[in-house]
Amino acid sequence: QVQLVESGGGLVQAGGSLRLSCAASGRTFIINSMGWFRQAPGKEREFVAAIRWNSGITYYVDSAKGRFTVSRDNAENMVNLQMNSLKPEDTAIYYCAVTSSWRTETQLSSRQMYEYWGQGTQVTVSS
């Protein structure tokens, strides 16, 4: 089992920044990749970004490219999501997730490919 705890959410004005963190514990040696997803009210959970644990290769949804940066600290078993130039449409609960298997880039954008999930952290961007 892998336990995930997100932190860093909050209320920010449009154009501002937030840094989300996801701390992993338990059987962290099984982590292959970690992803960030978000879910806005009334919408399905959608992919935001992912990072391969060993290589550090990153992937982003188009709306996050150039604004969000995902990074990892293997020694601390932590993944961060730096979010800049935030927009009201970024408002959602943000979740981190872990997959223990190698996935293609396309698969990493699918929530069904992840076995472990955190409880989420709320991000609210005011206009």
Please identify which of these residues, Ile30, Ile31, Thr99, meets the side-chain contact (heavy atoms from CB on, under 4.5 Å) condition with Trp53.
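Result for side-chain contact (heavy atoms from CB on, under 4.5 Å) with Trp53: Ile31.
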With Ser55, which of Thr58, Ile51, Ile57 fulfils side-chain contact (heavy atoms from CB on, under 4.5 Å)?
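Option passing the side-chain contact (heavy atoms from CB on, under 4.5 Å) with Ser55: Ile57.
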Can you find a pair of side-chain heavy atoms, one from [X] and one from [Y], that are under 4.5 Å apart?
X	Y	result
Val123	Thr91	no
Leu18	Leu86	yes
Phe68	Val61	no
Gln1	Tyr116	yes
Trp117	Arg111	yes

Answer with yes or no whether the hydrophobic clustering places [X] together with [Y]; edges join I, L, V, M, F, W, Y residues whose side-chain heavy atoms lie under 4.5 Å apart.
X	Y	answer
Met34	Tyr114	no
Ile93	Val125	no
Tyr59	Met113	yes
Leu4	Phe47	no
Leu108	Val70	no

In Å, rounded to the nearest 0.5 Å, how long is the span from [atom1] of [X] to [atom2] of [Y]?
X	Y	atom1	atom2	answer
Thr121	Leu20	OG1	CG	6.0 Å
Gln3	Asn77	CD	CG	11.5 Å
Glu44	Glu46	CD	CD	10.0 Å
Glu89	Arg38	CD	CZ	8.0 Å
Arg72	Cys22	CZ	SG	14.5 Å
Arg67	Met83	CZ	CE	9.0 Å

Locate the shortest heavy-atom distance separating Pro88 from Ser127; write the atom from each residue and the value.
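Closest approach of Pro88 to Ser127, heavy atoms only: CG-CB, 3.8 Å.
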Would you name the heavy atoms of Ser17 and Ser85 that are closest together and state the gap between them?
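Closest approach of Ser17 to Ser85: OG-N, 4.4 Å.
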Can a side-chain donor-acceptor contact be found between [Y] and [X] if the only test is distance below 3.5 angstrom?
X	Y	result
Asn54	Arg52	no
Ser100	Glu115	yes
Asn80	Gln82	no
Ser101	Asn32	no

Lys NZ or Arg CZ of Arg45 over Tyr95 ring: under 6.0 Å, within 45°
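Flagged: Arg45 positioned over aromatic ring of Tyr95.
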Got a salt bridge between Asp62 and Lys65, using NZ or NE/NH1/NH2 to carboxylate O under 4.0 Å?
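The answer is yes: the pair qualifies as a salt bridge.
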Checking the side chain of Gln119 only, and the main-chain atoms of Glu6 only, is there a donor and an acceptor separated by less than 3.5 Å?
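A pair under 3.5 Å: no.
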Is it true that a side-chain atom of Ser109 and a backbone atom of Thr106 form a donor plus acceptor pair closer than 3.5 Å?
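Side chain of Ser109 to backbone of Thr106, a donor-acceptor pair under 3.5 Å: yes, one is there.
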